[in-house]
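See below for the structure under consideration.
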Amino acid sequence: MVNRHQRREKDMHIFEVIGAGTSAITIFATSYDEAVRLYMVYWLARENRDLPNLEVKQRNSAWPGLNLEALDHALSSGVSGIGKFDPNKGWTIVSPTDGAEEA
């Protein structure tokens with residue numbers, strides 16, 4: 001897992017992962033495979049049941065409706081993890097296990 005203070009030299013992408021019957025999760029990752037792995041860690045840290053079927057979509061960083069300045073800042077940070085958006089603060093990227101004990 002990537003510590004939020006570690007930086008990566010690789011290009012970051014934004015993904016939307018939806019498990020069957022679940023809400024969409026935003027994931028910042030370097031690849032499709034990394035996004036799926038992060039979702040699996042996120043799921044297993046919170047659920048005591050089988051992983052659902054997944055739909056994984058790579059979002060265009062110029063997708064209408066996204067705060068592009070905040071998104072560019074998050075992508076340029078080079079940090080992989082679960083993206084949480086606050087309109088007042090922008091994107092926060094956390095470990096897939098952060099908050100698992102609260103779930």
Side-chain angles (χ1 to χ4, degrees):
M1 262 178 265
V2 175
N3 180 305
R4 72 181 71 171
H5 299 291
Q6 290 177 322
R7 301 284 187 226
R8 293 186 175 215
E9 297 299 323
K10 297 179 182 178
D11 289 334
M12 297 301 294
H13 306 282
I14 185 171
F15 294 87
E16 184 177 70
V17 182
I18 305 168
T22 67
S23 299
I25 300 294
T26 301
I27 297 180
F28 288 85
T30 57
S31 68
Y32 174 92
D33 289 340
E34 184 182 28
V36 170
R37 183 183 60 76
L38 289 168
Y39 183 85
M40 289 172 61
V41 171
Y42 175 86
W43 178 266
L44 293 171
R46 288 163 176 73
E47 300 292 336
N48 191 18
R49 55 192 169 116
D50 291 341
L51 189 69
N53 291 330
L54 301 178
E55 179 180 358
V56 181
K57 298 185 261 184
Q58 184 174 344
R59 303 268 321 252
N60 182 330
S61 60
W63 192 280
L66 292 177
N67 178 325
L68 298 181
E69 184 178 341
L71 181 58
D72 285 344
H73 178 60
L75 290 168
S76 68
S77 75
V79 176
S80 295
I82 307 302
K84 309 276 185 185
F85 184 75
D86 179 322
N88 298 315
K89 297 178 185 176
W91 287 98
T92 300
I93 304 170
V94 299
S95 164
T97 59
D98 278 5
E101 59 280 349
E102 299 166 9

* Asked: Can you name the closest pair of heavy atoms from Ala29 and Ala35 and give their distance?
  -> CB-N, 3.7 Å
* Asked: In Å and rounded to the nearest 0.5 Å, what is the OG to CG distance from Ser76 to Leu71?
  -> 9.5 Å
* Identify the two heavy atoms, one from Met12 and one from Leu75, that lie closest to each other, and give their separation to 0.1 Å. => CG-O, 3.4 Å
* Asked: So, for Pro52 and Ala20, which heavy atoms are closest and what is the spacing to 0.1 Å?
  -> CB-N, 3.7 Å
* Examine Tyr42 and Val94 and state if one hydrophobic cluster contains both, with Ile, Leu, Val, Met, Phe, Trp and Tyr joined whenever side-chain heavy atoms are less than 4.5 Å apart. => yes
* Going from OG1 on Thr22 to CD on Glu47, what distance comes out if it is rounded to the nearest 0.5 angstrom? -> 8.5 Å
* Asked: Are the side chains of Val17 and Glu55 in touch, meaning some heavy atoms are under 4.5 Å apart?
  -> no
* Cluster overlap Ile18 with Leu54, hydrophobic side-chain contacts below 4.5 Å -> no
* Nearest heavy-atom pair of Phe28 and Val79: which atoms, and what distance? -> CB-O, 3.8 Å
* What pair of heavy atoms forms the shortest contact from Ser80 to Glu34, and how long is it? -> OG-OE2, 3.0 Å
* So do Val41 and Thr97 actually touch side chain to side chain, heavy atoms under 4.5 Å? -> yes
* Kindly determine whether Leu51 and Tyr39 satisfy side chain to side chain contact (heavy atoms under 4.5 Å, CB included), including the steps that lead there. => CA-CA 10 Å; Leu51 189 69; Tyr39 183 85; 4.0 Å; yes
Sequence neighbours excluded and cut-off under 3.5 Å, please list the side-chain donor-acceptor pairs for residues 83-91, or say none.
from, atom 1, to, atom 2, distance (Å)
Asp86, OD1, Asn88, N, 2.7
Asp86, OD1, Lys89, N, 3.4

* Asked: Ile27 and Ile82: side chain to side chain contact (heavy atoms under 4.5 Å, CB included), yes or no, with the steps?
  -> CA-CA 5 Å; Ile27 297 180; Ile82 307 302; 3.8 Å; yes
* Asked: Side chains of Ile14 and Thr26: closer than 4.5 Å at any heavy-atom pair?
  -> yes
